[in-house]
Enquirer: 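Input: one structure, supplied below.
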There are 2 protein chains.
Amino acid sequence: MTAPQTQGISILLVDDHPVVRQGYRRVLEHQDDFHVVAEADNAADAYRAFKAHAPAVVVMDILMPGASGLEAVRNIRSRSSSTRILVFSMHCEAAQVKAAFNAGANGYVTKGSAPAELIRAIRAIIRGEQAISDDIARVLALESLSPSGSALDQLGEREIEILRQLAAGATTEQIAANLNLSIKTVQNYHYLIKTKTGMRTDAQLVRLAVECGLASL
Amino acid sequence: MTAPQTQGISILLVDDHPVVRQGYRRVLEHQDDFHVVAEADNAADAYRAFKAHAPAVVVMDILMPGASGLEAVRNIRSRSSSTRILVFSMHCEAAQVKAAFNAGANGYVTKGSAPAELIRAIRAIIRGEQAISDDIARVLALESLSPSGSALDQLGEREIEILRQLAAGATTEQIAANLNLSIKTVQNYHYLIKTKTGMRTDAQLVRLAVECGLASL
DNA sequence: CTGCAACTCGGGAAATTTTCCCAACAAACC
DNA sequence: GGTTTGTTGGGAAAATTTCCCGAGTTGCAG
């Protein structure tokens, strides 16, 4: 199980800036079990390279011209659930990070992170863990402590009300009836709430609502 | 702060049975600082009377024809967070009691309780405490000690484990991977758990799991 | 020992929901 | 006046839920 693979870990490196790619390639290949098998400088090429090389790990900048890097992450994730995806970005915003994980990323580090942190993150996601760099951790931690509803202040009143009722156990139909909305609208809100908050299941939504004091048990 | 209010404590009394109301009115007005300012015999009238009289305390039976008494509790609670609501019922079941507190009740006594217990409960909730009668306390205490979570002993081990992971926020895929089952099997269990427990949404499942000590928040 | 009941595991197929796109409208804001 | 933001819903493909079924395994009572 834990024996190192003889061929090492194949990596696809994606960044629109060649110099940056060079830098990362050097850092990555300094690990002798890491092997950068391909590079790409845009989302479309990244997806093509992914299909061609089936790398174990994709390391990509999500800030690229053209199609969003997040879109590439989604594409790759929908094609393979086993590929590990590490996103790096200059952004250190909670929403951005959540969006990346929601799109299917396994890790997120900022470009300001030390090389050792990048390596550590890659080894973590290979083990199946989720990885974030220290500065991201700090931002997310502080955000979760903020006095406002943290994940809730990104939601509108309607969204909050619907989340509250969802967490209370109401069905889509009941909510639609309670608020005098069409089922379709409630479904759309339900989906929107999930994407905005980064929650993937209704159970996670309930936990969020309870944490934010929206619902009780 | 602790000085008795000169006008005493205003009470709204709700029960669908006139004779029962008479009995309670007598017991309540035997306390000279208690004053029953209104009565109602159904949920809708209760809510109207509440808006009209703004009583300090609402004493209501939740077992009434028509709209659920719980619904009335919720309505009153959403209108005023300071009003104290004491629920009384013939039922002495843990689930019923929890539902009442969840709806916003401050206290719960059974109809079998002695008058002194009712008075004690009202004085307790006026002080901002939560109050339950002795028999309720015994039921809740025993339930919390019982090895099986009541609604859970109708579930098999596999079902319980899957419910636990669902409540923890795991996706179907993650559960299937964790337990080495097919997604199809997890879906079937998920459905089976819902039908066996009578829960209609995943949010309700989470609540159930938490109540039964299967999950925490 | 035999049969029955319960638990575990999954396939099939129809029904429903989720997902993600889009557009319209109002209010707020620059 | 143009832009963003919140609210409301349609459409259509993808995914999940729902419910039915069978099959292997235990355990237990007859």
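A note on names: the letters A, B, ... follow the listed sequences, proteins ahead of strands, and every chain is numbered from 1.
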Enquirer: Starting at CG of B:N178 and ending at P of C:dC9, how long is that distance when rounded to a whole Å?
Expert: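 So the CG-P distance, B:N178 to C:dC9, works out to 14 Å.
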
Enquirer: Within this structure, what is the CD-to-C1' distance between B:Q187 and D:dC19, rounded to whole angstrom?
Expert: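 Value for this atom pair: 13 Å.
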
Enquirer: Tell me which residues in residues 164-172 of chain A put a heavy atom below 4.0 Å from DNA chain D, sorted by number, or none.
Expert: none

Enquirer: Supply the atom-to-atom distance B:R84 CZ to B:N106 CG, rounded to the nearest 0.5 angstrom.
Expert: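 Rounded to the nearest 0.5 Å, the CZ-CG separation comes to 5.5 Å.
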
Enquirer: Can you find a side-chain donor-acceptor pair between A:D202 and A:H190 that sits under 3.5 Å?
Expert: yes

Enquirer: For the helix from C:dC1-D:dG30 to C:dC30-D:dG1, what is the angle between the axes at its two ends, each from 5 pairs, rounded to 10°?
Expert: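 About 30° separates the two local helix axes.
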
Enquirer: Using whole Å, what does the distance between atom P of nucleotide C:dG10 and atom CD1 of B:I175 come to?
Expert: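 Taking CD1 of B:I175 and P of C:dG10, I get 14 Å after rounding.
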
Enquirer: By the definition salt bridge (Lys or Arg N to Asp or Glu O under 4.0 Å), identify the one residue from A:R25, A:K111, A:R21 that meets it with A:D15.
Expert: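 The option that passes is A:K111.
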
Enquirer: For A:I162 and D:dT7, give me the distance from atom CD1 to atom P, rounded to whole Å.
Expert: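 One finds 9 Å between P of D:dT7 and CD1 of A:I162, rounded.
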
Enquirer: Please state whether the phosphate of C:dT19, meaning OP1 or OP2, lies under 4.0 angstrom from any side-chain nitrogen or oxygen of A:K194.
Expert: yes

Enquirer: Does D:dG9 have its OP1 or OP2 closer than 4.0 Å to a side-chain nitrogen or oxygen of A:T185?
Expert: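 So the side-chain polar atoms of A:T185 do come within 4.0 Å of the phosphate oxygens OP1 or OP2 of D:dG9, strictly under.
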
Enquirer: Check whether any side-chain nitrogen or oxygen of A:K184 sits under 4.0 Å from OP1 or OP2 of D:dT8, and answer yes or no.
Expert: no

Enquirer: Find the distance A:L181:CG to D:dT7:P and express it as a whole number of Å.
Expert: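 Nearest whole value for this atom pair: 10 Å.
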
Enquirer: So how far is it from B:N188 CG to B:I183 CD1, rounded to the nearest 0.5 Å?
Expert: 12.0 Å

Enquirer: What string of B, S and - do you get for nucleotides 21-30 of chain C, 5' to 3', when a contact is any protein heavy atom under 4.0 Å?
Expert: ----------

Enquirer: So what does B:S182 hit on the nucleic acid, given a heavy-atom distance under 4.0 Å: a base, only sugar-phosphate, or nothing?
Expert: sugar-phosphate

Enquirer: Looking at A:R164 and A:E161, is there a salt bridge between them, counting it only when a charged N and a carboxylate O are closer than 4.0 Å?
Expert: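 Result for this pair is yes, salt bridge flagged.
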
